[in-house]
Structure formats: structure tokens, C-alpha cells
Amino acid sequence: MKKKDLKKVAVLVSGGGSNLQALLDATRSGEIPAEITLVISNKPEVYAIKRAEDSGIPAIVLDHRDFASAEEFSRAILKRLQETEVDLVCLAGFLRILAPCVPEAYPNRILNIHPALLPAFGGKGLYGMRVHQAVLASGVKYSGATVHIVTAEPDQGPIVCQEVVPVKDDDTPQSLADRVLQVEHRIYPEALRLLAEELIEVDGLRTRLKTKPN
Ligand code: GAR
């Protein structure tokens with residue numbers, strides 16, 4: 001695939017960046033007609049930044065604590081996305097809620113990964129290890145991972161990919177997180193491929209696969 005045909009993707013992170021790594025590996029291998037051209041972290045000195053730098057991708061820190069409001073923080077992110085002329089955005093372990101101005105500027109072009117079966121165990125205050133703690137406390141026997149399109153409502157956009165993971169009797173939040181992460185690393189590149197190949201049709205909260213044009 002010629003470079004000019006690749007969709008430009010920004011990845012937003014807040015931590016270790018194992019999902020960023022899965023996306024980097026999949027885009028580099030040519031499985032996805034996309035290239036990651038920018039990484040933005042809201043936290044300085046996280047391992048995700050090193051992963052970007054090791055791959056030669058520009059990484060910038062926009063620390064949410066430097067902004068007066070979530071709206072101002074989100075507008076600063078939006079400015080960078082627009083300056084870099086990205087086509088798509090992936091939230092990969094990005095633990096801040098974006099103000100509506102960002103999804104409104106990129107309708108159906110932002111993906112998020114969440115470590116549970118949305119719409120359960122999502123929304124404000126449910127992120128990272130807190131999700132797995134809530135899952136275990138609820139007693140459910142299955143959890144999973146979800147990739148969805150980002151809309152103005154946190155964790156409530158149309159679901160693109162979802163996969164179930166069993167909860168084991170002796171699970172701790174960490175052991176469940178580890179099992180869910182393995183699934184995340186598989187379904188996130190797949191969801192990005194579908195978006196980059198323009199194969200996702202959105203109908204309300206439902207998505208369907210378009211048939212591939214010849
Ligand atoms: C992942 O489990 C991701 O699903 C979760 O944070 C972890 C980040 O891991 N995201 C959320 O909870 C967002 N609501 P990573 O930094 O190794 O990709």
C-alpha cells in the first residue's frame with residue numbers, strides 16, 4: 001500500500017501503552033491501511049511515551065492539570081489533532097473524558113477500548129483497575145473487552161468489536177485485567193482495520209460490516 005493511501009492515526013494514552021504497542025505492531029506489519037503519526041499523553045513519563053519514541057513517532061504531553069477545565073484540555077488536544085491532520089483517533093488506555101468538541105469534530109472516527117462488556121461497567125469513574133474491581137464485586141461470571149466509537153456520552157457509543165472473557169473463581173483484579181488485556185490486544189487492531197478500511201456502517205447504536213467494494 002502506498003504511504004499516501006494510509007489513514008493517519010493519533011493515539012491518546014495515559015499509562016503503560018500495551019494497546020498502543022498492539023496498534024503500532026499491527027500498523028507496521030501492514031495488516032491495517034493506517035499509520036500512527038502522533039501519540040498524545042495526558043501524563044508525563046509514562047511508558048507509552050517511550051514506546052512511541054522507540055518507534056520514531058512524535059509523542060507529546062498535554063497534562064490535564066495544566067488546563068482550567070476539561071473543555072480547555074479537550075480543545076488543546078483537538079488543536080493538535082487538526083494541526084497533524086490525522087484522519088482517525090484511538091483512545092488506548094486514555095483515562096480522561098474528552099469534552100464533546102472532540103467527537104463532534106471527528107464523527108465516527110474516534111475509537112475507544114474499554115476493559116469490560118459495555119454498556120455494563122462503563123461511564124464516569126469506571127476505568128482501568130476500577131473496572132475489574134467492580135466486575136469482581138458484582139459477581140458476574142463473564143467480563144470482556146469492547147471497542148466502540150466515541151460519542152459525547154462516555155463509554156456509550158456504537159460498539160465495533162466485543163469479546164467475552166470468563167471470570168475465574170480465584171481471580172483478582174490483576175489476574176482478570178491480564179486476561180482481558182490479551183483480548184484487547186487482538187480486538188483493537190481488528191477494530192482499527194475495519195475503521196481504516198471504511199467497513200463500518202453505523203445505524204444508531206448498532207454497527208454492521210459493509211461488504212468490501214471490489
Ligand atoms: C486497558 O485495559 C484499557 O482497556 C483501559 O486501560 C488499560 C490501559 O492499558 N482503559 C480504560 O479503562 C478506559 N476507560 P494499556 O495502557 O497497557 O493499553
Side-chain angles (χ1 to χ4, degrees), residues 9-28 36 38-55 57 59-62 64 70 73-74 77 89-99 102-103 110-138 140 142-167 171-192:
V9 182
V11 182
L12 274 52
V13 297
S14 302
S18 68
N19 279 292
L20 166 66
Q21 192 65 55
L23 295 174
L24 280 168
D25 294 346
T27 47
R28 289 272 158 100
I36 297 170
L38 176 67
V39 171
I40 302 178
S41 174
N42 69 302
K43 283 194 177 170
E45 293 166 31
V46 291
Y47 194 64
I49 297 175
K50 180 162 177 357
R51 292 183 194 269
E53 286 169 355
D54 286 350
S55 297
I57 291 162
I60 58 169
V61 175
L62 289 175
H64 58 282
F73 170 62
S74 300
I77 289 179
V89 182
C90 289
L91 312 187
F94 181 68
L95 304 184
R96 305 300 302 177
I97 292 176
L98 288 171
V102 183
I110 307 179
L111 294 175
N112 178 44
I113 188 146
H114 187 78
L117 294 175
L118 290 175
F121 303 106
K124 203 168 161 38
L126 281 170
Y127 55 84
M129 210 47 85
R130 293 176 182 212
V131 175
H132 305 296
Q133 284 161 353
V135 164
L136 290 178
S138 77
V140 293
Y142 292 94
S143 189
T146 305
V147 181
H148 68 94
I149 292 170
V150 174
T151 58
E153 297 299 323
D155 293 337
Q156 287 183 36
I159 291 170
V160 177
C161 291
Q162 196 165 44
E163 199 173 307
V164 170
V165 171
V167 175
D171 261 334
T172 61
Q174 188 62 56
S175 65
L176 180 57
D178 293 344
R179 195 172 319 110
V180 170
L181 256 190
Q182 288 178 23
V183 169
E184 292 185 40
H185 298 162
R186 191 151 30 77
I187 68 171
Y188 211 176
E190 174 61 8
L192 178 58

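Bear in mind the structure is a predicted one, so any value in this text is a computation, not a measurement. Order of listing sets the numbers, starting from 1, for every ligand and every atom in it.
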(request) Look at the side chain of Thr146 and the backbone N and O of Leu118, then say whether any donor-acceptor pair between them is shorter than 3.5 Å. (result) yes
Minimum heavy-atom separation for [X] and [Y], please, with both atom names.
X      : Y      : result
Pro115 : Glu184 : CB-OE2, 3.4 Å
Ala92  : Asn19  : CB-CB, 3.9 Å
Ala145 : Leu117 : N-CD2, 4.1 Å
Asp171 : Leu176 : OD1-N, 3.7 Å

(message) What does the 4.0 Å heavy-atom contact list look like for ligand 1?
(response) Gly16, Gly17, Ser18, Asn19, Gly93, Leu95, Ile113, His114, Pro115, Tyr127, Gly128, Leu181, Glu184
(message) Side chains of Phe94 and Val89, heavy atoms from C-beta outward: is any pair under 4.5 Å?
(response) no
